[in-house]
*Asks:* 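My questions all concern the structure below.
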Amino acid sequence: MNVLVCGGAGYIGSHTVYKLIEKGHNVIVADSLVTGHKTAVHNDALLFEGDLRDEDFMDRLFSENRIDAVIDFAAFSLVGESVQNPLKYYENNVYGTLKLLQAMVKAGVDKIVFSSTAAVYGEPENNIILESDKTFPTNPYGETKLAVEKILKWSDRAYGIKFAALRYFNAAGAHISGKIGEDHSPETHLIPIIIQTAAGKRDKLYIFGDDYPTKDGTCIRDYIHVTDLADAHIKALEKLVRTNESGIYNLGNGKGFSVKEVVDAVKKVTGKDFPVEIKERRPGDPSSLIASSKKAMEELGWTPKYNTLDKIIETAVKWHIDNPKGYR
Ligand code: NAD
Ligand code: UFG
C-alpha cells in the first residue's frame, strides 16, 4: 500500500514508518518538524516538510502522490502545556486534523488510522478502562483528541471515511536496533526523565504528587512499548482494508505501575541511584489509567511483545546510552 504518515518524523510515527517499510509498504511522511526529527525518518520513506494546516501543501501532497491510506500522528501532546495554553492545542490538534480530512475528501482517500489517547477518559470510572467507558477528559489535550474522534465518526457517516482511532496509554521504550527512540525537547515524559536523572543529566527526579488515591499515593499509568504501538497501526490498517469498518481501540499492556514503581525499575535496570523529591500535583493528571486492550487483541489480532516494564525500560536505556544527545 501507499501510506501517508503525518507526523512520521516524531517518536511513535518514526517507529511506525520503520514497521511499515519492514512490511513492504511505500511510505510518504508529511511533517513540519515542529517536534520531530529529519534523521528519525527511515531512508526508504519520502519526506515532505510542511504543515497539515497549510492547504496548498496538503493539496500538492495528495495530487502529486498516490495515497491509499493515512496514518495521523501529527499533534501536540503535552498534558501540562495544554492546560497552560489550550488554544495552541485546539489550533493544531483539531484544526490540523480537520484540514487533513478535507484534503482526504477532496482526493478521495477514505482510510485513516488516528492517534488518540487514554487522556480522553479523564478520571476513570473503572480500574481497567474499556472503550465503552465514559469519556470526560481532565485536560484540553484529551478534549482535542476526543473532538477529533467525533469528527471522524461524522466523517464516516457523511463521506464514508473509515477510521481506526487508537487510544494509546503511555508510550515508552525505543526501537530494538537503538537507531530511533524518544527525543522530545523539552522532555516531559516520565521514563526518559528518570533515565536522564540516572545518567546524571538532572540533579534529581521530581514526583508530581504523592497524595493520589493509589497504592503508594503516586499516579498509576499503563506503559506500552512504542514498537508494539507501531505494530497495532499496521494491524488496524490491515483491518480497515479487510472489513471497511471503523473502530476505536485501547492500546496498553493492562498493567498499572505507580511513578514510584517506575523509578525503582529504572534504578534496577541502570544500577544507578539518584535523589527523588515530591512536588505538588501536575494540573490535569488523572490518578490512574490502565487499559483493557481485549478489543484490540480480539479484533486486530494484536499482542504486545514488550509486555514487562523492565523490557520497555531496557530498550529506552539502550537508546539513551547509544544516543546521549538524542538526534543531535
Ligand atoms: P511527537 O511530538 O514526537 O510527534 C508528533 C509529530 O508530528 C512530530 O514529528 C511533529 O513535528 C509533527 N507535527 C505536529 N504538528 C504538525 C502539523 N500541524 N503538521 C505537520 N506535522 C506536525 O509525538 P509522539 O509522542 O510521537 O505522539 C504521536 C501522537 O500520539 C500524537 O498525536 C500524540 O498525541 C499521540 N499520543 C502520544 C502518547 C505518548 O505517550 N507519547 C500517548 C497517547 C497518544
Ligand atoms: N511525572 C512525574 N515526574 C516527572 C514527569 C512525570 O512525577 O518528571 C508523572 C506525571 O505526573 C504522571 C506520570 O508521571 O503521573 C506520567 O507522566 P507522563 O508525562 O510521562 O505521561 P502522561 O500520563 O501525562 O501522558 C502521556 C502522554 C499523553 C497520553 C497519556 C495517556 O503524553 O499523550 O500518556 O496516559 F495521553
Side-chain angles (χ1 to χ4, degrees), residues 5-16 29-38 40-41 47-54 57-58 61 71-82 88-89 91-93 95-97 99-100 114-121 129 137 139 141-142 144-145 148 166-172 182-185 187-194 196-197 202 204-210 212 214 218-224 226 229 233 250-252 256-260 262-263 276-291:
V5 182
C6 301
Y11 170 46
I12 307 170
S14 59
H15 286 76
T16 305
V29 169
D31 200 301
S32 64
L33 302 178
V34 59
T35 57
H37 308 271
K38 219 178 218 167
V41 178
L47 170 65
F48 289 79
E49 217 177 305
D51 198 296
L52 262 53
R53 293 164 291 181
D54 176 347
F57 170 71
M58 294 305 279
L61 195 63
I71 305 183
D72 179 26
F73 296 95
F76 293 137
S77 59
L78 305 180
V79 170
E81 186 188 53
S82 79
K88 175 178 174 182
Y89 277 69
E91 224 270 325
N92 198 29
N93 296 6
Y95 181 65
T97 316
K99 297 308 287 178
L100 167 64
F114 172 69
S115 297
S116 189
T117 169
V120 298
Y121 295 109
I129 303 170
N139 54 64
Y141 165 65
T144 62
K145 292 288 180 172
V148 172
L166 305 182
R167 293 176 176 168
Y168 328 145
F169 283 60
N170 287 55
E182 187 166 12
D183 180 5
H184 291 122
S185 182
E187 190 52 77
T188 62
H189 290 121
L190 182 65
I191 290 181
I193 285 183
I194 306 178
Q196 288 169 0
T197 315
R202 294 171 186 257
K204 58 174 89 159
L205 178 84
Y206 295 105
I207 293 183
F208 301 140
D210 68 348
Y212 285 95
T214 59
T218 65
C219 285
I220 291 183
R221 294 290 183 272
D222 181 346
Y223 294 88
I224 178 76
V226 64
L229 288 181
H233 286 77
N250 285 343
L251 297 175
F257 294 94
S258 72
V259 175
K260 282 185 178 167
V262 179
V263 170
V276 172
E277 191 180 310
I278 308 294
K279 275 187 47 171
E280 67 276 13
R281 291 180 178 199
R282 191 173 65 177
D285 275 348
S287 57
S288 171
L289 291 169
I290 308 171

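The residues of the chain are indexed from 1 along the displayed sequence. Only this structure's heavy atoms are used, side chains among them; waters, hydrogens and symmetry mates stay out. Numbering of ligands and ligand atoms starts at 1, following listing order. None of these values were measured; they are calculated from a predicted model.
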*Asks:* Please determine if R281 forms a cation-pi arrangement with Y212, meaning its NZ or CZ atom is less than 6.0 Å from the six-membered ring centre and no more than 45° off the ring axis.
*Replies:* yes
*Asks:* Got the closest protein heavy atom to atom 29 (C) of ligand 2, with its distance?
*Replies:* T117 OG1, 3.2 Å
*Asks:* Identify, for atom 7 (O) of ligand 2, the protein heavy atom at the shortest distance, and state residue, atom and that distance.
*Replies:* F208 N, 2.9 Å
*Asks:* Test of understanding: with salt bridge (charged side-chain N to carboxylate O under 4.0 Å, His left out), list the residues that count as partners of R202, not counting sequence neighbours.
*Replies:* none
*Asks:* Among all the protein's non-hydrogen atoms, which is closest to atom 26 (O) of ligand 1, and how far away is it?
*Replies:* I12 N, 2.8 Å
*Asks:* Hey, does L190 come in under 3.5 Å of ligand 2, counting only N/O atoms on both sides?
*Replies:* yes
*Asks:* Please examine the side chains of H189 and Y11, heavy atoms only from C-beta on, and report whether any two atoms are closer than 4.5 Å.
*Replies:* no
*Asks:* Among all protein heavy atoms in this structure, tell me which lies nearest to atom 39 (C) of ligand 1, with the distance rounded to 0.1 Å.
*Replies:* A171 CB, 3.6 Å
*Asks:* Does the residue A119 have a heavy-atom contact with ligand 1, meaning some pair of atoms that are separated by less than 4.0 Å?
*Replies:* no
*Asks:* Among residues at least two apart in sequence or on other chains, which ones pass salt bridge (charged side-chain N to carboxylate O under 4.0 Å, His left out) with K204?
*Replies:* E277
*Asks:* Could you work out, for atom 5 (C) of ligand 1, the closest of L52, L33, T35 by heavy-atom distance?
*Replies:* T35
*Asks:* Could you identify the single nearest non-hydrogen protein atom to atom 15 (O) of ligand 2 and state the distance to 0.1 Å?
*Replies:* C219 CB, 3.0 Å
*Asks:* Can you see whether E81 engages Y89 through a side-chain donor-acceptor pair at a distance of less than 3.5 angstrom?
*Replies:* yes
*Asks:* Could you tell me the residue and atom name of the protein heavy atom closest to atom 43 (C) of ligand 1, and the distance to it rounded to 0.1 Å?
*Replies:* Y168 CD1, 3.5 Å
